[in-house]
2 protein chains.
Amino acid sequence: MDKYDPLLLKNQLCFPTYAAANKIIRRYQPLLKKLDLTYTQYVVMMVMWEKEVVNEKDLVNRLYLQANTLNPLLKKLKEKEYLSINKDKEDKRNLIIALTSKGRDLKEKAIDVPLSLAQEPWLTVEEAKEYRRLLYKIINEGKEIENENCD
Amino acid sequence: MDKYDPLLLKNQLCFPTYAAANKIIRRYQPLLKKLDLTYTQYVVMMVMWEKEVVNEKDLVNRLYLQANTLNPLLKKLKEKEYLSINKDKEDKRNLIIALTSKGRDLKEKAIDVPLSLAQEPWLTVEEAKEYRRLLYKIINEGKEIENENCD
DNA sequence: TTAAATTATATCGTATGCGACATATATTTG
DNA sequence: CAAATATATGTCGCATACGATATAATTTAA
């Protein structure tokens with residue numbers, strides 16, 4: 001009706017996405033505190049638990065973040081001895097990030113986090129499936145869907 | 001299969017929500033720069049364009065944020081003269097936030113933002129509707145849905 | 001009716017997240 | 001092969017976002 005309708009919060013897709021991300025992350029924080037991880041550190045560790053060794057560019061692509069966000073964060077995870085950082089000898093531009101044994105041990109404690117949050121009354125199984133599909137459609141917009149996270 | 005499956009990035013709902021929020025906000029930033037607004041400042045202004053006058057607690061509830069996030073942000077918007085901040089004389093704990101004429105003028109420029117982003121190949125109309133429903137289900141989890149943003 | 005509890009903001013410290021730019025290494029090209 | 005380009009990471013400054021805690025004003029209750 002009104003030409004300003006597109007400016008109403010309730011007509012936005014971005015705003016509830018932003019609010020949902022804030023809300024879910026807030027919910028994670030107290031659980032992650034027991035692992036001495038922040039939410040962003042946790043998603044990095046999830047990649048590491050799965051891959052064991054990656055380079056920084058891999059992480060940037062997998063996490064849809066920027067190198068300058070990950071860079072200081074990786075150093076913190078190194079200080080916590082959850083991972084190691086070394087230059088690639090083949091191509092000295094690359095940083096090779098590898099899980100340490102201490103980082104691997106953390107995986108055992110971490111499984112409680114998704115299990116405990118799965119109890120939350122977020123969405124039904126069907127809704128969650130559709131929700132994930134729509135999210136990856138947004139995330140991968142403009143690109144070929146070559147992302148293995150979206151299956 | 002594996003007991004660690006819940007820790008895989010691809011099995012998470014939180015991660016793609018987080019990634020989608022980051023991605024969409026990155027897309028907004030250059031457009032909002034023309035309005036001298038950040039994304040968070042923009043969502044505050046959307047409330048102000050709709051309501052003209054609110055108090056800080058209203059904003060916190062509407063935006064699903066904390067007062068300590070909004071507080072410095074409101075001061076910046078005041079410095080930009082997009083809104084005014086005054087104590088409520090009835091109840092001096094309350095802050096009354098009001099749109100200024102300069103803030104109202106900005107609304108005219110701002111309508112280009114959602115119109116221009118609507119061109120993006122995000123989701124179909126049907127998908128967007130379902131996506132929004134699922135987001136508000138997450139956001140309002142555990143509460144009665146008394147939120148007028150979710151209709 | 002004043003002391004306790006509640007409510008609404010404010011302040012502080014930490015950790016992102018981004019754009020802009022700089023640096024180091026590798027690759028391509030003339 | 002030397003110069004230009006491209007690629008991967010690093011640095012800086014700014015703006016959130018949060019939990020923890022403090023303060024000010026109001027309401028409740030003993």
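We name chains A, B, ... by the order of the sequence lines, and we start the count at 1 in each one. Hydrogens, waters and symmetry mates are skipped; everything else that's a heavy atom, side chains included, is used. This one's a predicted model, so the numbers in the text were calculated from it and none came from an experiment.
- Closest contact between the side chain of A/N22 and the listed nucleotides D/dA17, C/dT16, C/dA10 involves D/dA17.
- At the phosphate of D/dT16, neither OP1 nor OP2 sits under 4.0 Å from any side-chain N or O atom of A/Y18.
- Remark: the B/R93 side chain and the C/dT9 base include no donor-acceptor N/O pair separated by less than 3.5 Å.
- Under a 4.0 Å N-O distance rule, the pair B/E130/B/R133 qualifies as a salt bridge.
- The distance between atom CG of B/D91 and atom P of D/dT27, rounded to the nearest whole Å, is 6 Å.
- Using a 4.0 Å heavy-atom criterion, one finds that B/K87 contacts no nucleic acid atom at all.
- Closest to the B/N71 side chain, of the nucleotides C/dA26, C/dT9, D/dT9, is C/dT9.
- Within the structure, a side-chain polar atom (N or O) of B/T38 is placed less than 4.0 Å from OP1 or OP2 of D/dT16.
- Contact annotation: B/K80 does not reach the phosphate of D/dA15 (side-chain N/O to OP1 or OP2, under 4.0 Å).
- Residue A/N55 places none of its side-chain N or O atoms closer than 4.0 Å to OP1 or OP2 of D/dA8.
- Between C/dA26, D/dT9, C/dT9, one nucleotide has an atom nearer to the side chain of A/K57 than all others, and that is D/dT9.
- When rounded to the nearest whole Å, the span between CG of B/L74 and P of C/dT11 equals 13 Å.
- Set against D/dT16, C/dA10, C/dA24, the side chain of B/K75 has C/dA10 as its closest nucleotide.
- Taking only side-chain atoms of A/K76, from C-beta outward, the nucleotide of D/dA25, D/dA15, C/dA15 with the closest atom is C/dA15.
- With C/dA10, D/dT16, C/dA8 as the candidates, the nucleotide lying closest to the side chain of B/E56 is C/dA10.
- Rounded to whole angstrom, the span from the CG atom of A/N61 across to the P atom of D/dA8 amounts to 9 Å.
- DNA chain D is contacted by both A/P72 and B/Q66; A/P72 maps to the nucleotide lying nearer its 5′ end (nearest heavy atom per residue).
- Under a 4.0 Å N-O distance rule, the pair B/R104/B/E52 qualifies as a salt bridge.
- Remark: side-chain polar atoms of B/Y4 are not paired, donor with acceptor, to backbone N or O of A/W49 under 3.5 angstrom.
- Between the CG atom of B/L95 and the C1' atom of C/dA10 there is a distance of 9 Å, given to the nearest Å.
- Between B/Q29 and B/Y42, the side chains place no donor N or O within less than 3.5 Å of an acceptor N or O (distance only, hydrogens not considered).
- Within 3.5 Å, no donor on the side chain of A/N68 pairs with an acceptor on the base of C/dG17, nor the reverse.
- Nucleotide C/dA24 holds its P atom 22 Å from the CD atom of A/E90, rounded to whole Å.
- Within 4.0 Å (heavy atoms only), B/I25 reaches no atom of the nucleic acid at all.
- In this model, the phosphate group of C/dT16 is approached by a side-chain N or O of A/Q41 to a distance below 4.0 Å at OP1 or OP2.
- Between A/T69 and the phosphate of C/dC18, there is a side-chain N or O to OP1/OP2 separation shorter than 4.0 Å.
- Put simply, OH on B/Y39 is 15 Å from P on C/dG19, counting in whole angstrom units.
- When only modelled atom types and interatomic distance are considered, A/N140 and A/Y64 share a side-chain donor-acceptor pair under 3.5 Å.
- Separating the CD1 atom of B/I24 from the P atom of C/dG17 is a distance of 15 Å, rounded to the nearest angstrom.
- At distances below 3.5 Å, not a single donor-acceptor pair connects side-chain atoms of B/N11 with backbone N or O atoms of B/P6.
- Rounded to whole angstrom, the span from the CZ atom of A/R26 across to the C1' atom of C/dA15 amounts to 16 Å.
- Between B/I85 and A/L65, the residue whose closest nucleotide on DNA chain C is further toward the 5' end is B/I85.
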